[in-house]
Amino acid sequence: MEKSVLIADDHALTRHALCSLFASQEDFEVCGDAENGQEAVEMAQVLRPDLIMLDLSMPVMNGIEAAQALKQLMPETPIIVFSEYCDVFSEREARSEGISALVSKTEPVSVLLDKARAALHYTAGGFLSPFNQTKEQPHVHTRS
């Protein structure tokens with residue numbers, strides 16, 4: 001069964017390349033594309049995608065602001081941030097915003113597709129470690 005993906009990136013060339021990439025996969029369909037975070041939030045409410053891809057740096061509403069709004073509206077929908085600025089956005093910050101994974105635009109597209117599939121496979125709300133493809137479980141601290 002195909003999973004629907006909403007893609008938001010302010011650079012048209014990147015956005016169209018991502019749309020083509022996901023459309024070429026048998027298990028994905030692109031339900032929409034947005035050029036800023038606000039547009040992504042508005043479209044997501046109508047389209048109800050299975051997965052949302054956000055660029056970190058976008059006009060009107062950036063990827064973090066969009067992720068915050070989307071998690072309020074659609075808490076179970078996994079969000080992947082795909083950006084050239086992943087190094088300035090830590091895993092801790094991503095986890096606190098409900099982002100499932102961070103993928104650098106410098107990584108091979110296979111990494112992006114793998115993380116997209118993994119994000120859909122695991123329960124939404126978890127963070128996929130960039131060092132392995134597993135969902136990190138919360139640490140439980142107990143008193144001795």
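Fair warning: this is a prediction, and the values are worked out from it, not measured in the lab.
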Closest non-hydrogen atom pair between [X] and [Y], with its separation:
{"X": "A69", "Y": "V41", "result": "CB-CG2, 3.9 Å"}
{"X": "A8", "Y": "A40", "result": "CB-CB, 3.7 Å"}
{"X": "P49", "Y": "A44", "result": "CD-O, 3.6 Å"}
{"X": "A34", "Y": "M43", "result": "CB-SD, 3.8 Å"}

Under the 3.5 angstrom rule, does the side chain of E65 hit a backbone N or O of M61 as a donor-acceptor pair?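 Side chain of E65 to backbone of M61, a donor-acceptor pair under 3.5 Å: no, none is there.
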Within the side chain of K105, is there an N or O that forms a donor-acceptor pair under 3.5 Å with the backbone of D55?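 No, the answer is negative, given that no donor and acceptor are paired below the 3.5 Å cut-off.
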To the nearest 0.5 Å, what is the distance between [atom1] ([X]) and [atom2] ([Y])?
{"X": "L54", "Y": "L70", "atom1": "CG", "atom2": "CG", "value": "6.0 Å"}
{"X": "L47", "Y": "D33", "atom1": "CG", "atom2": "CG", "value": "10.0 Å"}
{"X": "R48", "Y": "T77", "atom1": "CZ", "atom2": "OG1", "value": "6.5 Å"}
{"X": "S57", "Y": "N36", "atom1": "OG", "atom2": "CG", "value": "11.5 Å"}
{"X": "L73", "Y": "Q45", "atom1": "CG", "atom2": "CD", "value": "4.5 Å"}
{"X": "D114", "Y": "H121", "atom1": "CG", "atom2": "NE2", "value": "13.0 Å"}

Shared hydrophobic cluster for M58 and V60 (ILVMFWY, side-chain gaps under 4.5 Å): no
Are side-chain heavy atoms of [X] and [Y] found at a separation under 4.5 Å?
{"X": "F82", "Y": "I7", "answer": "no"}
{"X": "L51", "Y": "I80", "answer": "yes"}
{"X": "I99", "Y": "K71", "answer": "no"}

Worked verdict on E29 versus F22 for side chain to side chain contact (heavy atoms under 4.5 Å, CB included): CA-CA 6 Å; E29 70 169 341; F22 278 93; over 6 Å; no
Verdict with reasoning, I79 to E97, per side chain to side chain contact (heavy atoms under 4.5 Å, CB included): CA-CA 10 Å; I79 296 172; E97 299 302 338; over 6 Å; no
In sequence, state the C-alpha distance, the side-chain angles, and the governing distance for L56 and L102, and then conclude on side chain to side chain contact (heavy atoms under 4.5 Å, CB included). CA-CA 10 Å; L56 193 58; L102 297 172; over 6 Å; no
Consider only side-chain N and O atoms of Q72 and Q68, and report whether a donor and an acceptor are under 3.5 Å apart.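 Per modelled atom types, Q72 and Q68 side chains form no pair under 3.5 Å.
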Do D50 and S4 have side-chain atoms, one donor and one acceptor, less than 3.5 Å apart?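 There is such a pair between these side chains.
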Got a salt bridge between D27 and K3, using NZ or NE/NH1/NH2 to carboxylate O under 4.0 Å? no
Taking the basic N atoms (NZ, or NE/NH1/NH2) and the acidic carboxylate oxygens, is any pair closer than 4.0 Å for R15 and D10? no
Pair L18, V5 - check side chain to side chain contact (heavy atoms under 4.5 Å, CB included), show working. CA-CA 10 Å; L18 287 171; V5 182; over 6 Å; no
